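What you see is a predicted model, and the numbers here were worked out from it, not measured in a lab.
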Amino acid sequence: MSDVTHALREAVLAALSRIGVDDAEVAIQEVPADKPGDYGTPVAFTLARTLRRNPAQIAGELVEALELPAGIERADAVGPYINFHVDAGAFVAGVVASERAPADARPKVVLEHTSVNPNKEAHVGHLRNIVLGDACARILRAAGHEVEVQNYIDDTGRQAAESLFAKDYFDAAHDGSRKYDHWLGELYVRLGDAKADDADAIEAGVSAVMHRLERGELRAEVERVVRSQLETFHALGAEYDLLVWESDVVHGGFLKRGLDVLEASPYVSRPTEGKYAGALVMDVSSFLPGLEEPNVVLVRSDGNAMYVAKDIGYQFWKAGIFEGLSFRPFEVQPSGASLYTSAPEGETHPDGRTFAHGAEIINVIDVRQSHPQTLVRTALALSGTDEGERAFRNSHHLAYEVVTLEGQPMSGRKGITLSIDEALAEATRRARAVVEEKNPGLASIDEVARQVGLGALRFGMLKSEARKIIDFRWEQALSLQGDSAPYVQYAHARACSILRAAAAEGVQREEADFAALGPLEVRLAQVIARLPEVIATAARELAPHLVAQYALDLATAWNGYYNHKGPDGRPDTQVLKAEPGLRGARLALVDRVRSTLAEALALLGIGAPDEM
RNA sequence: GCGCCCGUAGCUCAGCCGGAUAGAGCGUUCGCCUCCGGAGCGAAAGGUCACAGGUUCGAAUCCUGUCGGGCGCACCA
């Protein structure tokens, strides 16, 4: 909530107590464009019932009782609404000068995203995961959280084993002409086809590789895939704090440690008779009421653990219930930030860092994993530990829907797939063609095309809610107009252009006469003033689309302002041609529009070029 | 069968902890560069907010039910 809306709420509450109402919900909202006033409240409605009086009368009475906060010119009852008129100059000056208060320090969040199998190139289904997770990390940090981004590497799974075995099976060597993960992915697909003729030999070979993987003998092989995939993730603008390798989790004994914790729980038992005789089961019914079958098998009667049990151990570690991993630096990422990795030969606190111990745990995983994710979360509650209970209350499965391709479910088998690298290259290519046409001779064209293409791609993944299925279509995903990142970027570049011209004329530091501003500037400033609340809500609800929609709102408001014409049909919001003083005030506002657009885009991991 | 999610304009979506005449983009039609960047702006057309009840001064928004669609529910990983 902005300073002004906060002050208005306080003023209304004070007026309420003056007329004898002590407690009420006071919503302060922007008034519709065609109604008088700038901010308003419908609070009189809510009081109508308890006071048993006409809301319009109450509104009138409240207006009488109001003491207007600084910067508010007037309050009127408009029917049952109370509408406030801000002092344009003071309001805009306040918005322009407002500094982002450093957000209060909030609890540490362990956020897992990406977690792509290390056996082939990532595709646009993964793109949604990465972009969502990365945007959430940025938004949570902006909201004051410490965020540790983890990327889980399943290096003991069947998929990794098949790809690595395929290299031997086909006696293939990477010649460097293709990106390594793509090359390996093709072998993986070929191996799948070859199973039709040679199933037994392949099965035996894959199985042998799986055992070697579990012993950690093929770490370097897997690492090569991981590094190749990381190139793609970095190209997307995503960075991580820690890679957690499944083989390290295995050797860290997380499975056993997790089970040890759970076995102390009254909800976990080992029945000696009935259908679960000999198995270790967890009764989740008191946390998940309404289940037909309250028992979840953690360890089978043959002694083999279920996959969820391993996952539970990992989540326990994230919450700080136990330790057991060591770490070392893995690489320096494009931004200069260090990426660490779990490693058998590492240290507990490399460079003084402490990993895990999340007070909140966020897992970005697609919606089809909802059931196992619920079980994992429930296990935190059953752990009987303070850390587990805290993490249980604050753990979230960010369940996002799938991405389809031109209306069809993605399927490697049917060849319905699209790699992130291809999508990114095509997006950049298209953006470049447009930049060349619109702005020939632009010196930084490569970088601009990259930012615009990537922006379009990321924005398409972020602009709607996570629970909506996204159908990836080229024209839509790479659209450079309408509801898109380039639309916002264009608005930003246009603001930059004005500021550049002002600098060239030597007026960029001109003294501002904010009193010369009017309602058009107030409208624009109101949108700017919304950002802090948007960030707070987006962080609380893990909803980056709110930020994306906000960026569109601000760009639209700014474009509308920029193109505004007076009753005579002439532009009436020109900046550089305005009188001195007014010009200074408008320049200050434009500069704030510019920085706010850039900030909103940055929260989505999208760059804002000065020219495009 | 049970559980979760979705259903808003021709298409893709916002709006959803109740509030002013339900908003965008794409597509269609018309208009706007002697004016700081037309990747833009303005306007027109397009809606029984799936349906039926209920709660309320007020429901796209909350509750119940129905219909349609998607996903998930192993001693698999």
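In this structure, A/Glu25 atom CD and B/rG18 atom C1' are separated by 12 Å, rounded to whole Å. Between the CG atom of A/Leu552 and the C1' atom of B/rC13 there is a distance of 11 Å, given to the nearest Å. When rounded to the nearest whole Å, the span between CD of A/Glu293 and C1' of B/rC75 equals 11 Å. Atom OH of A/Tyr81 and atom C1' of B/rA20 are 4 Å apart (whole Å). Rounded to a whole Å, the CD1 atom of A/Ile28 is 17 Å from the C1' atom of B/rC17. Atom-to-atom, CZ of A/Arg377 to P of B/rG72 comes out at 22 Å; the value is rounded to the nearest Å. The separation between A/Gln373 atom CD and B/rC71 atom P is 19 Å, rounded to whole Å. If you measure from atom CD of A/Glu406 to atom C1' of B/rC11, you get 14 Å, rounded to the nearest angstrom.
Residues A/Ile470 and A/Gly460 come closest through the heavy atom pair CD1-O, 3.8 Å. Taking every heavy atom of both residues into account, A/Gly278 and A/Arg270 meet most closely at O-NH1, 3.9 Å. Minimum interatomic distance between A/Leu576 and A/Ala501 (heavy atoms only, all atoms of both residues): CD1-CB, 3.5 Å. Considering all non-hydrogen atoms of both residues, A/Val43 and A/Glu25 come closest at CG2-O, 3.7 Å.
Within 4.0 Å (heavy atoms only), A/Asp572 reaches no atom of the nucleic acid at all. Across all strands, A/Asp34 comes closer than 4.0 Å to base atoms (heavy-atom distances). Using a 4.0 Å heavy-atom distance criterion, A/Gln29 is classed as a base contact. Within 4.0 Å (heavy atoms only), A/His564 reaches no atom of the nucleic acid at all. Across all strands, A/Leu298 comes closer than 4.0 Å to no nucleic acid atom at all (heavy-atom distances). Heavy atoms of A/Arg368 sit under 4.0 angstrom from primed sugar atoms or phosphate atoms, though from no base atom. Using a 4.0 Å heavy-atom criterion, one finds that A/Ala548 contacts no nucleic acid atom at all. Among the atoms of the strands shown, none is found under 4.0 Å from any heavy atom of A/Val78.
Near RNA chain B, meaning a heavy atom under 4.0 Å from it, residues 457-470 of chain A has A/Ser464, A/Glu465, A/Arg467, A/Lys468, A/Ile469 in order of number.
In this entry the base of B/rC51 is anti relative to its sugar, with a glycosidic angle more than 90° from 0.
For B/rA20, the base has a donor-acceptor partner in the side chain of A/Asn83 [N/O atoms by modelled type, under 3.5 angstrom].
Between A/Glu465 and A/Arg467, at least one side-chain N (NZ, or NE/NH1/NH2) sits under 4.0 Å from a carboxylate O, which counts as a salt bridge. Salt bridge annotation for A/Arg530-A/Asp553: present, with a cationic side-chain nitrogen under 4.0 angstrom from a carboxylate oxygen. Salt-bridge formation is not detected for the pair A/Glu401/A/Arg368: no Lys NZ or Arg NE/NH1/NH2 atom is positioned less than 4.0 Å from an Asp or Glu carboxylate oxygen. Between A/Glu61 and A/Arg53 there is a salt bridge, since at least one side-chain N of the basic residue sits less than 4.0 Å from a carboxylate O of the acidic one. A salt bridge does not link A/Glu579 with A/Arg583: none of the charged nitrogens is closer than 4.0 Å to a carboxylate oxygen.
Between the P atoms of B/rG58 and B/rC13, the separation comes to 34 Å (whole Å). For the P atom pair drawn from B/rG7 and B/rC11, the interatomic distance equals 14 Å after rounding to whole Å. Atom P of B/rG27 sits at a distance of 15 Å from the matching atom of B/rA39, rounded to the whole Å. Comparing B/rA9 with B/rC51, their P atoms are spaced 10 Å from each other, to the whole Å. Taking the C1' atoms as reference points, B/rG40 lies 27 Å from B/rU21, given to the whole Å. A distance of about 10 Å separates the P atoms of B/rA60 and B/rG19, rounded to the whole Å. Rounded to a whole angstrom, the distance from the C1' atom of B/rC35 to that of B/rG46 is 33 Å. For the C1' atoms, the distance from B/rA52 to B/rC67 is 10 Å, rounded to whole Å.
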Working note: A/Glu246 + A/Lys310, criterion salt bridge (charged side-chain N to carboxylate O under 4.0 Å, His left out); need CA distance, chi angles, decisive distance, verdict. CA-CA 9 Å; A/Glu246 176 146 310; A/Lys310 201 191 302 186; 3.0 Å; yes
Worked check of side-chain contact (heavy atoms from CB on, under 4.5 Å) between A/Asp76 and A/Arg74: CA-CA 7 Å; A/Asp76 294 328; A/Arg74 225 170 75 223; 2.7 Å; yes
Determine, stepwise, if the pair A/Phe459 / A/Tyr487 fulfils ring pair (Phe, Tyr, Trp, His ring centres under 6.0 Å). CA-CA 11 Å; A/Phe459 200 86; A/Tyr487 174 84; 9.3 Å; no
Check the pair A/Gln508 / A/Arg500 against side-chain contact (heavy atoms from CB on, under 4.5 Å), numbers first and verdict last. CA-CA 8 Å; A/Gln508 79 274 31; A/Arg500 255 195 319 276; over 6 Å; no
Walk me through it: do A/Glu533 and A/Arg540 pass the test salt bridge (charged side-chain N to carboxylate O under 4.0 Å, His left out)? CA-CA 10 Å; A/Glu533 189 170 5; A/Arg540 191 174 60 242; over 6 Å; no
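For the OP1/OP2 pair of B/rC13 and a distance below 4.0 Å, the side-chain nitrogens and oxygens of A/His545 include no atom meeting the criterion.
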Would you write out the dot-bracket form of RNA chain B, 5' to 3', with Watson-Crick and G-U pairs under 3.5 Å, [ ] for crossing pairs, | for pairs to other strands and . for unpaired bases? (((((((..((((.....[...)))).(((((.......))))).....(((((..]....))))))))))))....
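The residue among A/Lys310 and A/Gly560 whose nearest nucleotide of RNA chain B lies closer to the 5′ end is A/Gly560. Comparing A/Tyr307 and A/Pro42, the nucleotide of RNA chain B nearest to each residue sits closer to the 5' end for A/Pro42.
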Summarise how protein sits on nucleotides 25-39 of chain B as a single string, 5' to 3': B when a protein heavy atom is under 4.0 Å from the base, S for sugar-phosphate-only contact, - for no contact. S---------BBBSB
